[in-house]
Amino acid sequence: MHLYRTHNCGEISATDENSQVKISGWVHRKRDHGSLVFVDLRDHFGLTQCVIDTSDSAFSIVESLRNESVVTITGIVKKRSDDTINKNLATGEIEVAIADIIVQSAADTLPLQVNSDEDAGEETRLRYRYLDLRRSRPHQNIVLRGQIIQSIRNRMIELGFTEFQTPILTASSPEGARDFLVPARLHPGKFYALPQAPQQFKQLVMMSGFDKYFQIAPCFRDEDSRADRSPGEFYQLDLEMSFVEQADVFAAVEPVIKGVFEEFSERKIDPDFVHISYADSMLKYGNDKPDLRIPIEIGDVTDVFAGSDFSIFAKNIEKGAVVRAIPGPKCGSRAIADRMNSWAQSEGAPGLGYIIFGEDEARGPVAKALGQEKSNEIKTRLNLENGDAVFFACAAMDDAASLAGRARIRIGTEQKLIDETLFKFCWIVDFPMFEKDEQTGKIEFSHNPFSMPQGGMDALDTQDPLDIKAWQYDLVCNGIELSSGAIRNHLPDVMYRAFDIAGYGPEVVDEKFPAMIGAFKFGAPPHGGIAPGIDRMVMLIAEEPNIREIILFPMNGKAEDLMMSAPSLVDDKQLNELHIRKAIIQPKTPQ
RNA sequence: GGGGGUGUAGCUCAGUUGGUUAGAGCGCUGGCCUGUCACGCCAGAGGCCGCGGGUUCGAGUCCCGUCACUCCCGCCA
């Protein structure tokens, strides 16, 4: 007989009746009846009830076991009597009568309860992640993640993509996120960087003559975390294709994403991946990652307020402000309007104007100043009905759009307008190629310096840089940015010119991007791609609100691994080898 | 870097207008119990109320500071 097991804890059934089995696992729970003890033994596969009474010599061992101890049990499979069958358990028709038990590893008193559905605090869960992961939901989430990645891999290979591995130690690149740096022992004073994404590598794969690239790629960015953004590292389904236009990339990616969501989620999936221009999205939804489950569209009503008797807005408009109107379906009550107003103030806005549409008139201070006629014009333009309200954000364009967007989400959430059983995808297209830094006034790449400008060289030469759009797109699902991609530039002249507009001379391009610019000069295929975030996909499918729930060993919000105690101090010897000396500025705690 | 929330037993949490000895469930220790499956019953141990300062006759509770965790803004081409 095998040293540890003949069966796992999820597979013994009534057909095994009277046979001798050996199973190993963790003591999930004990029910001690004095002269009779039940032990639920758990492993990765399931739960099996084992039973022993005082007539057996192993009884005292079983009685003294603490939860989560690891044991090996040998015994005979017994069919349970009809009145003791547990229908909630796959193995509920049988139990194992314990003949022998070996304690493989005894457990101390636990810092968190594995057999409970109740979450412990984050800090405890992360420090003892190996215990947390024994619990059903975290365990299932990680299994799901593995299955999703396998499905993605199969689908990509099916579509003719080849999987590549790109370097983890590479060169730091300007722009973008903060790099993680790795000192180069053999080159004093020089550093490798961990890749923020395999962006240049995947383009170079295309220039190396491979046609379709993909990778489940680790990406490293030294930026602060969020609920949907893990600190430090995350994974992308990175892909790139040669000789394609935007529509070809969409056509390749849509079925993969749709297929994976359909395969692993019970939720409905809207099959229509609508295309929304960046400009439209900013106007109608107030951001570039709209949650289309919220049935509210923002409108511009600057012209209605311009020169009106509502002087606060009218004066701001003269100074260049715009007014965005956010419909509030069935929000026509003073209480809701006041609540929205104080919410806006808590968000740092001066307030949120509103009009309430009653049975026969438009009410509220704004309506009073604006007059019934103009109020009704807004009502008509935004398709509002009696009992609805409309809220106003008046500010400089970007600020007004942002506040209106947040108000739209607030209304959608508060009024329970979001269908939680639905996934709604959309493509955001036509991103601007450049944008102006508000502080410095400098023109910068708005997304990715390697994107192809719409109109190519001609656009760069003839258009206002801020008017130029790029073949740049995002895939958004339920208000979460899943993916970013672009048709890339493959022409050296366009690269030099684009960087020139952003204030970088040709020498900068040659020095910082020698591989790219070099490859462009030796025959580069037109190409494009995209990189959906694996973690966010799993998060959506697992219906978890926090990205840590679907990461095996996540770091906390301050980018610390509490389980491994990373980051940590290192020996001076290590530092010396790396030609590194610490120069800590104002240490918070003396070390 | 900035703002909000939280911090009480090993874990999850309650704790009134400031008032005597800070509670519950789970877990832990001991006892009873032969058909439970979140077993039940009895008893017990376990607390720098995050930390420091202040107000007060008296602080878990009020004030100031600080630390930790968390959410958000900034940041994330």
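Side chains are part of it too, since the values below use all heavy atoms of this structure and drop only hydrogens, waters and symmetry mates. Just so it is clear: chains get the letters A, B, ... in the order the sequence lines come, proteins before strands, and each one is counted from 1.
A/R31 has a side-chain polar atom (N or O) that falls below the 4.0 Å cut-off from OP1 or OP2 of B/rC39. In this model, the phosphate group of B/rU34 is approached by a side-chain N or O of A/S35 to a distance below 4.0 Å at OP1 or OP2. Distances shown here put a side-chain N or O of A/R548 below 4.0 Å from the OP1 or OP2 atom of B/rC71. Contact annotation: A/R29 does not reach the phosphate of B/rG27 (side-chain N/O to OP1 or OP2, under 4.0 Å). The side chain of A/N556 contributes no N or O atom lying less than 4.0 Å from OP1 or OP2 of B/rA68. Contact between the side-chain N/O atoms of A/R127 and the OP1/OP2 oxygens of B/rC69 is not found at any separation under 4.0 Å. Remark: A/R66 is in phosphate contact with B/rU29, judged by side-chain N or O atoms under 4.0 Å from OP1 or OP2.
If you check B/rC76, B/rG27, B/rG1 against the side chain of A/T109, the one that comes closest is B/rG27. Out of B/rC76, B/rU36, B/rU34, the shortest distance to the side chain of A/R229 is found at B/rC76.
Among all heavy-atom pairs drawn from A/L131 and A/V114, the shortest one is O-CG2, 3.8 Å.
Electrostatic pairing of A/D119 and A/R125 counts as a salt bridge here, judged by a charged N lying under 4.0 Å from a carboxylate O.
Using a 4.5 Å heavy-atom threshold, the side chains of A/L126 and A/R548 count as touching.
Residue-level contact check: A/G121 touches the backbone only, with heavy atoms under 4.0 Å from sugar-phosphate atoms and none from bases. Counting any heavy atom pair closer than 4.0 Å across all strands shown, A/E123 reaches sugar-phosphate atoms only and no base atom.
Ring-base stacking between A/H33 and B/rC39 is satisfied, the centre separation being under 5.5 Å and the plane angle under 30°.
Side-chain atoms of A/E544 and A/N141 form a donor-acceptor pair, as typed in the model, at a separation below 3.5 Å.
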